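Single-structure report; data block below.
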Amino acid sequence: MGNPAWAFLMLIWTLLCFRVSANGLQDLDTQVQSEGFKTLRHKKTGIIYNITVPPKYSGVTAQVMRLRTGSLKRRGVKFNEFTVPKGAFVEGNPRSIMMVYKNFGHNSSYFSVTGYDFVAPVVGILVYNYSVTPGLESQALLKLMAGKDPISIQIPIYVSGVSRPSCALLNSTTGGLDKISVLASPPYICNSNQLGEVSLVIHLTSSAPEPSPASSENPTEKMGKKGSNAWKIAVGAALGGIAALLALVLLFFWGREKVDKAKIAKMEKHADNEETLQTSLIGNSRAPTAGGTRTKPVLENEDST
């Protein structure tokens with residue numbers, strides 16, 4: 001088996017870790033979206049409402065707002081850290097949309113930014129078609145694109161002493177890193193052509209500053225970190241079981257291959273012990289011929305002795 005099998009196993013492990021993180025983010029989006037549609041029933045347009053987030057998503061807060069696309073294009077909108085300038089448009093041009101805002105606080109376990117560390121909360125807005133037929137809400141996700149001017153996002157940094165952070169635009173489906181750009185000087189404002197998840201990060205080669213005393217003494221944040229660690233432990237245990245099962249499957253196929261090779265070797269050895277056919281010269285080439293004994297002919301009228 002050797003190195004190729006081990007490399008394959010490590011690849012499977014990495015993909016499983018990434019998939020678990022992506023599935024957790026998609027499950028959160030699905031539940032928040034559903035709660036958003038319920039919250040906006042018989043509510044006013046242009047007003048921000050809080051959404052109840054299940055306790056298992058520790059540290060995550062959510063809000064929702066309904067807008068008419070015509071008003072959004074003429075006036076733009078400001079939703080917490082996000083400022084969408086006038087001229088923005090939504091794909092499909094629906095009559096009204098639902099904007100779902102999420103703030104992940106210190107819980108960045110849903111996102112993967114290899115080589116970087118978060119210095120600000122991950123915040124994001126997803127847009128849904130509020131004019132969709134009831135029962136088809138899961139198909140209502142839309143893209144909101146900026147017009148002439150980009151969408152700006154001003155995110156507060158939760159650690160002290162940070163200089164020149166980078167703006168990280170994150171994939172709203174997989175949690176991976178889509179784009180990163182260095183911010184030269186305060187105020188640290190990210191610019192984007194469309195809505196999604198955004199945060200501020202620093203490169204791991206530079207020493208990350210210690211959290212400020214105010215943030216470290218916040219009991220809500222401490223509870224969020226404990227919940228995040230418990231979630232990571234549970235995921236690690238599940239992945240360990242899956243890895244063990246994959247190892248057993250690989251061992252089974254390796255043993256089966258050995259048995260098949262032994263059978264083939266035995267058959268080849270048996271074939272080598274068979275009698276070799278004689279060869280005869282036929283024309284200008286030799287061909288195998290079977291040896292044999294010719295029966296002496298007997299004439300019918302020959303007298304028997």
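When reading the values below, keep in mind they use all heavy atoms of this one structure, side chains included, and skip hydrogens, waters and symmetry mates. In this text the structure is predicted, and so the values were computed from the model without any measurement.
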Exercise for the section: Begin with the C-alpha distance, continue with both residues' side-chain angles, and end with the deciding distance and a verdict on side-chain contact (heavy atoms from CB on, under 4.5 Å) for V84 and F79. Expected result: CA-CA 8 Å; V84 181; F79 196 161; over 6 Å; no
Problem - CA sep, side-chain torsions, deciding dist, call: L183, L200, side-chain contact (heavy atoms from CB on, under 4.5 Å) - result: CA-CA 9 Å; L183 302 177; L200 298 179; 3.7 Å; yes
Exercise for the section: Step by step, work out the side-chain contact (heavy atoms from CB on, under 4.5 Å) result for V122 and F118. Expected result: CA-CA 8 Å; V122 177; F118 289 98; 3.6 Å; yes
Exercise for the section: Report the C-alpha distance between V64 and F37 in whole Å, list the side-chain angles of each, state the deciding distance to 0.1 Å, and finish with yes or no for side-chain contact (heavy atoms from CB on, under 4.5 Å). Expected result: CA-CA 9 Å; V64 65; F37 275 105; over 6 Å; no
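Using a 4.5 Å heavy-atom threshold, the side chains of Q194 and L144 count as separate. K86 places none of its side-chain heavy atoms less than 4.5 Å from the side chain of R75. Side-chain contact between V162 and I202 is present, with at least one heavy-atom pair separated by less than 4.5 Å. At a threshold of 4.5 Å between non-hydrogen side-chain atoms, the residues S192 and I153 count as touching. At least one side-chain heavy atom of H106 sits less than 4.5 Å from a side-chain heavy atom of Y158. At a threshold of 4.5 Å between non-hydrogen side-chain atoms, the residues I97 and N129 do not count as touching. Looking at T83 and I151, their side chains never come closer than 4.5 Å, going by heavy atoms from C-beta outward. Using a 4.5 Å heavy-atom threshold, the side chains of L177 and N171 count as separate.
Aromatic ring pairs are classed by plane angle as parallel below 30°, tilted from 30° to 60° and perpendicular above 60°; the pair F104 and F111 is perpendicular. Below 30°, between 30° and 60°, or above 60°: for Y101 and F82 the angle between ring planes is above 60°, a perpendicular geometry.
For the pair N103 (side chain) and V123 (backbone), a donor-acceptor distance under 3.5 Å is absent. One N or O on the side chain of K78 and one on the backbone of N80 form a donor-acceptor pair closer than 3.5 Å. A side-chain donor-acceptor contact under 3.5 Å links Y49 to the backbone of K44. Remark: side-chain polar atoms of R66 are paired, donor with acceptor, to backbone N or O of K43 under 3.5 angstrom. Using modelled atom types, one side-chain atom of T39 and one backbone atom of E35 make a donor-acceptor pair closer than 3.5 Å. Distance alone, capped at 3.5 Å, is enough to place a donor-acceptor pair between the T69 side chain and the P94 backbone.
Residue pairs meeting the salt bridge (charged side-chain N to carboxylate O under 4.0 Å, His left out) criterion with at least one member in residues 89-106, sequence neighbours excluded, are D29-K102, K102-E197. Screening residues 81-125 for disulfide (SG to SG under 2.5 Å) gives no qualifying pairs among residues at least two apart or on separate chains.
Hydrophobic clustering (ILVMFWY, side-chain heavy atoms < 4.5 Å, transitive): I189 and V201 are in distinct clusters.
Closest approach of T174 to L25, counting heavy atoms only: C-CD2, 4.4 Å. Minimum interatomic distance between P187 and Q154 (heavy atoms only, all atoms of both residues): CB-NE2, 3.6 Å. Annotation for P156 and A120: closest pair O-CB, 3.4 Å, computed over non-hydrogen atoms.
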